[in-house]
Amino acid sequence: MSQIELRPGLADVPVAESAVSFIDGKNARLEYRGIAVETLATQSCFEETAYLLLKGNLPTQKELADFDDQLRHHRRIKFRLTDLIKCLPETGHPMYALQATVAAMGMFYPARDVSNAKCNWESVVRLIAKMPTAVAAFHRIRHGDEPIKPRDDLDHAGNFYWMLFEKEPSPAIRKVIDACLVLHAEHTMNASTFSGRVTASTLANPYTVISAAVGTLTGPLHGGANEEVLTMLDEIGDIKNVRVWCEDAIANKKKIMGFGHRVYKVKDPRATVLQELADRVFIDTGKPAKYDLAVEMEKVMAEKLGPKGIYPNVDFYSGIVYEALGIQPDLFTPIFAIARVAGWLAHWLEQLQGNRIYRPEQIYVGKNNAPYVPLAKRA
Ligand code: CMC
């Protein structure tokens, strides 16, 4: 027997030192570079938060204006990337389209020398600026519509909404999209960030790093959960079915989407902020029936699984908000990705400082000295 202890899912195993973000899972605390996420979601904006994550400090007015200018300037994607998106099957998931587009961007903007700080920053700006354009372009094209060109006079959140719907969001809708981007921008060593850091540790180019992270985010245990929450709420159908549905799911050991977290053993602080924002945006959009159903579900689940530390995570309410804005469910995870790219890139830059390739250990449980039986003699 090996002496190395296996920790499935690397639970509680540190894999890097990081100064990007911090979670206190018992006290519902999430900080980006030391600043509480609630403060950033209500008082900052995505552009400023991204700068904070990437550079480690809040920008001055001039630094923010410069960064914002760079992002606005790099929103357009090359027509050959749009052509590539046109070739993708319209029935495919937008996350796969995003992953393919980001990987392809690496061929248009070769960035092999990751020791060049200027070139790295250009990649950072391009990825943050262009990912929303790629998501919106795929969405339009799959519905048989022409992509809508980005607008330089709108901020990041407003422009994304514009590229989806060709209309400007109301101030409340713009604010909720912006806050959702802030809330999803970073979250310590989660699966997609780790996957990006593993890829970064090989000194792969940043587009490959981010496409690896996008791929990891697709799974229903990670970013894909927000989409699954809506399917689940549709299945429950009516508020009067909530208790029986939850009891049945728990009895059958079913994973209930939008609940539970490796680190939080209380309600995810991002879910709390989202709920407050949702209440405000529903004044514009109308409150969906699903919201009351979700609130009831949270109550029943607190009674049933609260003692095990299972409470709503960020994905529980985000889908309901996006759906109220008229956003199609399979775009929920891409929105997560266009926000999280800021955190992924901050981790990429951090990984490059004092990098060592990830090469963990395994516990071998297979055979040794097995004979090779020639094909003709095998039964
Ligand atoms: N529904 C029912 N039971 C649960 C849930 C849930 N959502 N989450 C955890 N549990 C139970 C699980 O069955 C296990 O019970 P037991 O000890 O009796 O076997 C115990 O809690 C520990 O669960 P685990 O799966 O070992 O916990 P983990 O830390 O490995 O997984 C998680 C964390 C987020 C993958 C998990 O809670 C889950 O699958 N949740 C549903 C999917 C989801 O909402 N994901 C979004 C996460 S937040 C945003 C993001 O990271 O993308």
Side-chain angles (χ1 to χ4, degrees), residues 6-13 15 20-21 23 25-26 28 30 32 37 41 95 98 180-197 212-233 235-236 242-243 245-275 294 297-322 329-344 347:
L6 177 67
R7 305 294 288 267
L10 295 181
D12 302 323
V13 178
V15 293
V20 182
S21 63
I23 302 177
K26 289 199 191 84
L30 168 61
Y32 296 169
V37 75
M95 279 298 277
L98 179 62
C180 284
L181 295 178
V182 171
L183 291 172
H184 285 88
E186 162 59 11
H187 209 230
T188 74
M189 199 56 69
N190 55 87
S192 54
T193 299
F194 181 48
S195 152
R197 283 190 79 132
V214 171
T216 308
L217 188 69
T218 58
L221 296 187
H222 194 8
N226 52 16
E227 197 181 329
E228 306 261 333
V229 167
L230 282 204
T231 313
M232 175 183 78
L233 295 176
E235 189 187 314
I236 299 173
V242 167
R243 183 167 289 274
W245 191 95
C246 291
E247 285 171 351
D248 189 56
I250 294 165
N252 288 306
K253 295 212 163 295
K254 202 168 152 190
K255 277 281 175 73
I256 301 172
M257 292 294 127
F259 283 86
H261 199 276
R262 174 68 60 79
V263 187
Y264 296 119
K265 298 304 160 203
V266 292
K267 184 169 173 177
D268 183 334
R270 300 168 298 170
T272 308
V273 180
L274 253 172
Q275 231 178 322
M297 189 162 180
E298 181 179 345
K299 268 192 231 148
V300 173
M301 286 289 284
E303 196 188 297
K304 303 280 171 197
L305 289 183
K308 279 179 84 173
I310 297 168
Y311 288 95
N313 58 51
V314 67
D315 286 333
F316 190 56
Y317 287 107
S318 64
I320 301 173
V321 171
Y322 296 144
D330 62 4
L331 289 180
F332 301 169
T333 318
I335 297 176
F336 191 154
I338 66 178
R340 184 58 58 86
V341 68
W344 290 331
H347 280 272

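Indexing begins at 1, ligand by ligand and atom by atom, following the structure's order. Positions are given from 1, in the same order as the sequence printed here.
Qualifying side chain to side chain donor-acceptor pair (under 3.5 Å) partners for Y32, counting only residues two or more places apart in sequence or in other chains: none. For T231, the side-chain contact (heavy atoms from CB on, under 4.5 Å) criterion is met by no residue, not counting sequence neighbours.
Although no hydrogens or angles enter the test, the distance criterion places a donor-acceptor pair under 3.5 Å between the side chain of N313 and the main chain of D315.
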Report task. Kindly indicate, with the supporting measurements, whether the criterion side-chain contact (heavy atoms from CB on, under 4.5 Å) is fulfilled by L233 and M297. Result -> CA-CA 9 Å; L233 295 176; M297 189 162 180; 4.0 Å; yes
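Among pairs with a residue in residues 217-229, those fulfilling side chain to side chain donor-acceptor pair (under 3.5 Å) read H93-E227, N190-H222, S192-H222, N226-T333, at least two apart in sequence or across chains.
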Dump the pairs for me: ligand 1 N or O, protein N or O, distance under 3.5 Å, to 0.1 Å.
| unit_1 | atom_1 | unit_2 | atom_2 | d |
| --- | --- | --- | --- | --- |
| ligand 1 | 1 (N) | I256 | N | 2.8 |
| ligand 1 | 7 (N) | I256 | N | 3.4 |
| ligand 1 | 7 (N) | I256 | O | 2.7 |
| ligand 1 | 7 (N) | F259 | O | 2.7 |
| ligand 1 | 15 (O) | K308 | NZ | 3.0 |
| ligand 1 | 18 (O) | K308 | NZ | 2.8 |
| ligand 1 | 25 (O) | K255 | NZ | 2.7 |
| ligand 1 | 29 (O) | R262 | NE | 2.8 |
| ligand 1 | 30 (O) | R262 | NH2 | 3.0 |
| ligand 1 | 39 (O) | K255 | NZ | 3.4 |
| ligand 1 | 40 (N) | F259 | O | 2.9 |
| ligand 1 | 44 (O) | G258 | N | 2.8 |
| ligand 1 | 44 (O) | N313 | ND2 | 2.9 |
| ligand 1 | 45 (N) | L221 | O | 3.1 |
| ligand 1 | 51 (O) | H222 | ND1 | 3.1 |
| ligand 1 | 52 (O) | H222 | O | 3.1 |
| ligand 1 | 52 (O) | H222 | ND1 | 2.7 |
| ligand 1 | 52 (O) | G223 | N | 3.4 |

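Under the 30°/60° scheme for interplanar angles, the aromatic rings of H184 and Y322 are found to be tilted.
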